[in-house]
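Everything on this sheet refers to the single structure shown next.
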Amino acid sequence: MGQLKVRDIMTTQVITLLGNDTVKDATITLAVDNLSGAPVVDDDFHLVGILSECDILKLIVKFEDRLNIENPVLHLLAFPMDAKIEDPQLKAAAEKFSEMKVADLMIKDVITTTPDAEIVDVLRIMIEKDVNRIPVLEKGVLVGIVTRGDIIFSIYKRKI
């Protein structure tokens with residue numbers, strides 16, 4: 001039995017984001033689909049970046065820190081994204097946060113792989129670079145994604 005390849009375990013039904021999506025759109029997508037991140041593509045499905053929940057959470061902390069300097073009692077995390085916020089300072093911060101574009105927040109320098117790469121090599125990169133997911137490209141087009149979870153599941157699946 002040969003080495004396990006990316007194509008053997010990758011997810012091909014990839015949930016993607018667009019650079020023009022708002023942070024609010026992206027947050028909803030990640031929350032509803034229970035994802036920790038997603039590739040960002042253009043209209044031709046070429047990869048342009050990747051956005052993780054960590055990128056969104058870092059942005060929240062940045063906004064919280066700014067708010068805290070202006071008014072220590074205001075907290076962005078105290079309100080759901082769709083809540084009606086009365087305080088003008090907090091409302092402005094929440095709107096600015098929500099309306100930011102994915103393109104302004106995403107990581108543009110993305111580690112990628114191909115369907116024919118060996119899983120063990122991809123796993124080494126994931127561990128070395130501390131990444132959860134690696135987009136799979138064929139001729140520059142996104143054809144799948146491989147996550148740490150996919151690798152764990154493949155170990156389980158092959159054992160039964």
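All figures in this text were calculated on a predicted structure; none of them were measured in a lab.
Here R148 pairs with D130 in a salt bridge; the nearest charged N to carboxylate O distance falls below 4.0 Å. Ion pairing of D116 with R7 is present here, as a side-chain N (NZ or NE/NH1/NH2) and a carboxylate O approach within less than 4.0 Å. A salt bridge links R124 with D121: at least one charged nitrogen is closer than 4.0 Å to a carboxylate oxygen.
The two residues P115 and V143 come nearest to each other via the heavy atoms CG-CG2, 4.1 Å. Across every non-hydrogen atom of V14 and T11, the tightest pair is CG2-O, 3.5 Å. The shortest non-hydrogen separation linking I111 to P135 is O-CD, 3.3 Å. Closest non-hydrogen pair, A38 versus I50, comes out as O-CG1, 3.5 Å. Scanning both residues, F97 and V23, for their nearest heavy atoms gives O-CB, 3.5 Å. Here the shortest heavy-atom pairing between E99 and T22 reads OE1-CG2, 3.7 Å.
Remark: the backbone N or O of D25 is not paired with any side-chain donor or acceptor of D21 at under 3.5 angstrom. Under a 3.5 Å cut-off, the side chain of D33 and the backbone N or O of L30 do not form any donor-acceptor pair. Remark: side-chain polar atoms of D42 are paired, donor with acceptor, to backbone N or O of D44 under 3.5 angstrom. A donor-acceptor pair under 3.5 Å is absent between the side-chain atoms of S98 and the main chain of E95, judged by distance alone.
Here the OG1-CG distance, from T114 to L137, works out to 9.0 Å after rounding to the nearest 0.5 Å. Here D8 contributes atom CG and S154 contributes atom OG; the two are 9.0 Å apart, rounded to the nearest 0.5 Å. Rounded to the nearest 0.5 angstrom, K62 NZ and L57 CG are separated by 13.0 Å. Interatomic distance, I56 CD1 to K24 NZ, rounded to the nearest 0.5 Å: 13.5 Å. To the nearest 0.5 angstrom, T27 atom OG1 is 8.5 Å from L59 atom CG. Between the CG atom in L51 and the CG atom in L18 there is a gap of 12.0 Å [rounded to 0.5 Å].
Contact check for F63 versus M100: side-chain heavy atoms found under the 4.5 Å cut-off. Counting heavy atoms from C-beta outward, N132 and M126 have side chains that stay 4.5 Å or more apart. No side-chain heavy atom of T16 sits less than 4.5 Å from a side-chain heavy atom of V40. Side-chain contact between V136 and T112 is absent, with no heavy atoms from C-beta onward closer than 4.5 Å. In this structure, L17 and P39 have side chains that are not in contact, with every pair of non-hydrogen atoms separated by 4.5 Å or more.
Taking hydrophobic clusters as Ile, Leu, Val, Met, Phe, Trp and Tyr residues chained together by side-chain heavy-atom distances below 4.5 Å, I60 does not share a cluster with I107. Connection of V48 to I145 is not established within any shared hydrophobic cluster, with ILVMFWY side chains joined at heavy-atom distances below 4.5 Å, either directly or through further cluster members. Both I125 and I119 sit in one connected hydrophobic cluster of ILVMFWY residues. Membership requires side-chain heavy atoms under 4.5 Å apart, directly or through other members. L4 and V120 fall into different hydrophobic clusters, where Ile, Leu, Val, Met, Phe, Trp and Tyr residues are linked whenever their side-chain heavy atoms come under 4.5 Å apart, directly or through other members. If you chain together hydrophobic residues whose side chains sit under 4.5 Å apart, L123 and M10 fall into the same group.
Looking only at atom types and distance, the side chain of R133 has a donor-acceptor partner in the side chain of S36 under 3.5 Å away.
The number of heavy-atom neighbours closer than 6.0 Å to CG of D104, taken from other residues, nucleotides and ligands shown, is above 12.
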